[in-house]
Amino acid sequence: MTNTKNGSNQGMVPEARAAMDQFKMEAASEVGVNLKQGYNGDLTSRQAGSIGGQMVKKMCPVHTLSFERDCRTAVGHCVRILYTAEWT
């Protein structure tokens with residue numbers, strides 16, 4: 001059920017819509033999905049998801065840091081540690 005009383009079903013500003021469509025086309029190109037203007041109901045769920053995932057990666061970049069340190073459980077061993085941090 002759509003609730004239009006509180007404005008949750010209102011469209012975007014036309015300029016924002018155009019920018020978002022362009023952003024979506026660029027993301028599709030980057031992941032190798034042929035996206036066309038208008039209806040794209042022939043895309044698989046995987047293809048559509050890869051486009052959305054690429055858009056999220058661009059909007060919310062996550063950086064990783066990798067380094068080696070001595071293992072705390074085995075003397076003389078090194079383990080690779082991978083930390084993921086969001087930089088704002």
Side-chain angles (χ1 to χ4, degrees):
M1 181 173 171
T2 304
N3 185 354
T4 57
K5 186 175 183 179
N6 64 8
S8 63
N9 195 32
Q10 292 188 5
M12 284 189 212
V13 175
E15 295 83 9
R17 168 63 72 190
M20 190 59 89
D21 287 343
Q22 178 63 31
F23 182 45
K24 189 187 315 177
M25 293 298 250
E26 290 171 7
S29 175
E30 289 171 6
V31 295
V33 175
N34 292 323
L35 195 63
K36 55 189 176 287
Q37 293 291 339
Y39 181 70
N40 285 285
D42 57 331
L43 293 180
T44 65
S45 296
R46 176 174 282 221
Q47 290 172 318
S50 67
I51 295 169
Q54 184 68 13
M55 293 172 73
V56 169
K57 280 184 189 178
K58 294 280 190 172
M59 290 185 285
C60 308
V62 174
H63 301 279
T64 59
L65 173 68
S66 177
F67 62 92
E68 288 187 7
R69 68 165 171 79
D70 289 336
C71 180
R72 295 179 182 157
T73 59
V75 177
H77 289 83
C78 285
V79 292
R80 180 158 292 282
I81 306 296
L82 182 66
Y83 287 97
T84 304
E86 185 175 337
W87 301 94
T88 57

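- Side-chain heavy atoms closer than 4.5 Å link hydrophobic residues (I, L, V, M, F, W, Y) into clusters, and following such links, even through other members, never connects Phe23 to Val13.
- Atom CD of Gln37 is separated from atom CE of Met25 by 4.0 Å, given to the nearest 0.5 angstrom.
- In this structure, Met59 is a member of the same hydrophobic cluster as Val31, with clusters built from ILVMFWY side-chain heavy atoms closer than 4.5 Å.
- Between Lys58 and Glu30 a salt bridge is recorded (basic side-chain N to carboxylate O distance below 4.0 Å).
- No more than 12 heavy-atom neighbours from other residues, nucleotides or ligands sit within 6.0 angstrom of CG on Asn34.
- Note that CZ of Arg17 is 14.0 Å distant from CD of Gln22, once rounded to the nearest 0.5 Å.
- Looking at Leu43 and Ile51, their side chains come closer than 4.5 Å, going by heavy atoms from C-beta outward.
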